[in-house]
Visitor: 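Quick one: the structure is below, and I'll ask about it shortly.
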Amino acid sequence: MTFAAPGGHRGGGGTCDACGILLAVSAHTLLERDTEVAALRIAVEATAAGRGAAVLVEGPAGIGKTALLDVVGEAAEASGATVLNARASELDRGFAFGVVHQLLEPHLRAVGADARAALFTGAAARAEALFGGPEAEGDPGYGVLSGLYWLVANIAERTPLVLRVDDLHWSDVASVRALEFVARRIDDLPVLIVATLRPSEPGTPEDLIAELRSAPAARTLRLEPLGPAAVETILTGAIGATPDAGFLDAAARSTGGNPLLIGVLAREASAHGLHGLATEEEALLALGGRGVAPTVARRLRSLGDAATVVARAAAVVGERALPEDVAALSGRDAGTVRGAVTALVDADVLEPGGWAFVHPLVRAAVVEGTPTAERAA
């Protein structure tokens with residue numbers, strides 16, 4: 001689901017500034033992720049041995065991508081590697097090389113003037129203009145990309161280097177191009193690029209992402225929803241009792257196995273004293289929708305007014321409604337409704353081919369977030 005809070009939460013829990021929801025980072029974020037954790041640790045070990053790689057961790061929001069990015073950071077720091085971080089933002093994607101600046105500028109500032117000058121020796125000098133240095137001669141496009149590659153190589157000469165990028169789908173185009181350029185030449189460098197990515201996010205430079213994905217040293221880890229056993233573990237830990245089968249089934253169906261949604265549902269169930277009974281299914285869904293509503297509202301706002309109104313109409317009329325029903329209730333013409341639905345499908349709010357929401361919990365959250373007067377009308 002692309003409605004959830006942006007990544008970048010680092011260990012120990014915290015409050016997401018963007019949506020105001022408390023996110024408790026706990027052991028369940030890595031449930032059923034043994035294969036992915038092992039693959040990432042192997043990649044870190046290979047980097048320490050001088051073999052570079054690029055790994056894309058892909059999946060909808062809330063699926064646990066950032067938790068795996070944290071695993072990479074911990075393993076890399078334990079191995080003695082230098083770890084540089086960036087988190088892309090949908091608000092900053094218009095700034096060329098913004099993510100590159102996030103990754104490299106803090107390190108360049110920290111090393112001191114002499115070490116900085118050494119890092120920009122040779123071909124790396126062609127990238128110095130990005131960081132306040134003199135303009136290089138020659139083709140500025142290729143020259144800057146080549147210079148960034150050599151700058152990364154120079155940094156990695158001292159210690160293995162791990163570049164972590166959260167929410168790559170929101171990155172500026174120039175930074176994705178730079179990462180792709182480096183990734184294609186990374187095989188013999190002690191450099192690991194690990195980035196998280198949501199599929200089909202509006203505005204993503206898909207062609208460049210495809211090129212990055214196809215680099216010889218690149219691989220993609222696609223995260224799957226959690227299974228029933230993991231859902232039971234999370235709910236049991238929250239409410240202090242093993243839930244009834246009906247309660248578990250309701251939780252799994254309403255969240256689609258999404259760890260963030262399950263965590264919200266479990267938190268709300270615990271806070272409101274639910275006992276995991278099958279008879280509490282309706283209350284569970286209502287509470288979960290209320291807990292997720294702020295993040296859903298934020299996601300809809302990013303898609304525009306038409307998408308918000310159409311999503312609310314779809315939540316009311318139900319998935320069997322006709323297009324004219326949605327148009328009439330939303331007060332938008334058929335063309336606007338089609339465009340809004342396309343945006344909602346691309347954002348993983350609606351399922352393709354109709355008005356069905358990707359999770360019942362998301363539909364409940366849309367209803368919860370609809371102003372009372374609008375809902376009554």
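Hydrogens, waters and symmetry mates are skipped; everything else that's a heavy atom, side chains included, is used.
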Visitor: Run the numbers on R109 and E105 for salt bridge (Lys or Arg N to Asp or Glu O under 4.0 Å), then give the verdict.
Guide: CA-CA 6 Å; R109 289 181 179 275; E105 194 159 29; 3.6 Å; yes
Visitor: With a 4.5 Å cut-off on side-chain heavy-atom distances among I, L, V, M, F, W and Y, is there a chain of contacts connecting V309 to V362?
Guide: no
Visitor: Would you mind reporting whether R41 and S79 have side-chain heavy atoms less than 4.5 Å apart?
Guide: no
Visitor: Looking only at non-hydrogen atoms, find the nearest pair between L161 and T47 and report the distance.
Guide: O-CG2, 4.0 Å
Visitor: Go through it in stages, so that I can follow the logic: the residues are L84 and V162, the test is side-chain contact (heavy atoms from CB on, under 4.5 Å), and I'd like the CA-CA distance, side-chain angles, deciding distance and then a yes or no.
Guide: CA-CA 6 Å; L84 304 181; V162 175; over 6 Å; no
Visitor: I'd like to know whether CG of D114 has more than 12 heavy-atom contacts from other residues, nucleotides or ligands below 6.0 angstrom.
Guide: no
Visitor: Can you check whether L56 reaches L221 side chain to side chain, under 4.5 Å on heavy atoms?
Guide: no
Visitor: Using a 4.5 Å cut-off on heavy atoms from C-beta on, say whether the side chain of Y149 contacts that of L189.
Guide: yes
Visitor: Taking all non-hydrogen atoms of both residues, which atom of G52 and which atom of A217 are closest, and how far apart?
Guide: O-CB, 3.9 Å
Visitor: May I ask you to check whether H101 and F95 place their ring centers less than 6.0 Å from one another?
Guide: no
Visitor: Between atom CD of E32 and atom CG of L223, what is the distance when rounded to the nearest 0.5 Å?
Guide: 11.5 Å
Visitor: Does a salt bridge link E211 with R177, judged by any charged N lying under 4.0 Å from a carboxylate O?
Guide: no
Visitor: If you draw a 6.0 Å radius around CZ in R338, do more than 12 non-hydrogen atoms from other residues or ligands fall strictly inside?
Guide: no
Visitor: Once you round to the nearest 0.5 Å, how far does CD1 of I262 lie from CD of E232?
Guide: 12.0 Å
Visitor: Are R87 and W170 in a cation-pi contact, defined as NZ or CZ under 6.0 Å from the six-membered ring centre and within 45° of the axis?
Guide: no
Visitor: Would you confirm whether S146, through its side chain, and G143, through its main-chain N or O, come within 3.5 Å as a donor-acceptor pair?
Guide: no
Visitor: Within a strict 4.5 Å, meaning less than it, do heavy atoms of the L69 and V57 side chains meet?
Guide: no
Visitor: If you look at every heavy atom in R126 and G147, which pair is closest and at what distance?
Guide: CB-CA, 4.2 Å
Visitor: For S214 and A210, indicate whether the former's side chain and the latter's backbone hold a donor-acceptor pair under 3.5 Å.
Guide: yes
Visitor: Under a 3.5 Å distance rule, please check whether T336 uses its side chain to pair with a backbone N or O of R332 as donor and acceptor.
Guide: no
Visitor: Assess whether atom CD of E324 is packed by more than 12 heavy atoms of other residues, nucleotides or ligands within 6.0 Å.
Guide: yes
Visitor: Tell me whether the count of non-hydrogen atoms from other residues, nucleotides or ligands lying under 6.0 Å of CG in D187 goes above 12.
Guide: yes
Visitor: Less than 4.0 Å between a side-chain N and a carboxylate O, is that true for R253 and E281?
Guide: yes
Visitor: Counting C-beta onward and ignoring hydrogens, is there a side-chain heavy-atom pair between E351 and V345 closer than 4.5 Å?
Guide: no
Visitor: Any chain of hydrophobic side-chain contacts (each under 4.5 Å) joining Y142 to V176?
Guide: yes
Visitor: If you define the side chain from C-beta out and look only at heavy atoms, does anything of T236 sit under 4.5 Å from P243?
Guide: yes
Visitor: Quick one: pull up CG in N85 and CG in L163 and give me the separation to the nearest 0.5 Å.
Guide: 9.0 Å
Visitor: Could you tell me if D305 and T308 have a donor-acceptor pair between their side chains, going purely by distance under 3.5 Å?
Guide: no
Visitor: Taking the side chain from D172 and the backbone from F97, do they hold a donor-acceptor pair closer than 3.5 Å?
Guide: yes
Visitor: Is there a donor-acceptor pair closer than 3.5 Å between any side-chain N or O of D92 and the backbone N or O of S89?
Guide: no
Visitor: Please report the shortest heavy-atom distance between A88 and V99, naming the atom on each side.
Guide: CB-CG2, 3.9 Å
Visitor: Is there a side-chain contact (heavy atoms from CB on, under 4.5 Å) between L130 and L148? Walk through the geometry before answering.
Guide: CA-CA 9 Å; L130 286 180; L148 285 171; 3.9 Å; yes
Visitor: Atom CG in D346, atom CG in L303: separation rounded to 0.5 Å?
Guide: 9.5 Å
Visitor: Between T255 and N258, is any side-chain donor less than 3.5 angstrom from a side-chain acceptor?
Guide: no
Visitor: Say whether, by atom type as modelled, one donor and one acceptor occur between the side chain of K65 and the main chain of R198 under 3.5 angstrom.
Guide: no
Visitor: Regarding S270 and R267, is there a side-chain donor-to-acceptor distance under 3.5 Å anywhere?
Guide: no
Visitor: Can you check whether V326 reaches V341 side chain to side chain, under 4.5 Å on heavy atoms?
Guide: no
Visitor: Under the side-chain contact (heavy atoms from CB on, under 4.5 Å) rule, what do L168 and I209 come out as? Steps first, then yes or no, please.
Guide: CA-CA 9 Å; L168 182 65; I209 296 293; 3.7 Å; yes
Visitor: Is any side-chain N of the basic residue among R213 and E58 closer than 4.0 Å to the acidic one's carboxylate O?
Guide: yes
Visitor: Would you kindly check if the NZ (Lys) or CZ (Arg) of R116 is within the cone defined by 45 degrees around the ring axis of F120 and under 6.0 Å from the six-membered ring centre?
Guide: no
Visitor: Just by distance, do the side chain of S171 and the backbone of D167 share a donor-acceptor pair under 3.5 Å?
Guide: no
Visitor: Report the distance from atom CG of L260 to atom CD1 of I63, rounding to the nearest 0.5 Å.
Guide: 9.5 Å
Visitor: Please confirm whether the backbone N or O of G276 pairs with a side-chain atom of E280, one donor and one acceptor, at under 3.5 Å?
Guide: yes
Visitor: Treat each ILVMFWY residue as a node, draw an edge where side-chain heavy atoms are under 4.5 Å apart, and state whether V367 and W355 are in one component.
Guide: no
Visitor: Which distance, rounded to the nearest 0.5 Å, do you find between the CZ of F131 and the CG of L119?
Guide: 10.5 Å
Visitor: Is T159 reaching over with its side chain to a backbone N or O of A81, donor-acceptor style, under 3.5 angstrom?
Guide: no
Visitor: Would you check if R164 and V72 make a side-chain contact, meaning some heavy-atom pair closer than 4.5 Å?
Guide: yes
Visitor: Apply the test side-chain contact (heavy atoms from CB on, under 4.5 Å) to residues D207 and E180: give CA-CA distance (whole Å), side-chain angles for both, the deciding distance (0.1 Å), then the verdict.
Guide: CA-CA 11 Å; D207 291 346; E180 186 272 335; over 6 Å; no
Visitor: Quick check: is V231 connected to I239 through a chain of hydrophobic side chains (ILVMFWY, heavy atoms under 4.5 Å apart)?
Guide: no
Visitor: Give a yes or no on this: more than 12 heavy atoms of other residues, nucleotides or ligands lie within 6.0 Å of atom CZ of R93.
Guide: yes
Visitor: Do any N or O atoms from the side chain of D244 and from the backbone of F247 form a donor-acceptor pair under 3.5 angstrom?
Guide: no
Visitor: Show, in sequence, the C-alpha distance, side-chain angles and deciding distance for R363 and S254, and conclude whether the side chain to side chain donor-acceptor pair (under 3.5 Å) test is met.
Guide: CA-CA 9 Å; R363 178 186 174 276; S254 65; over 6 Å; no
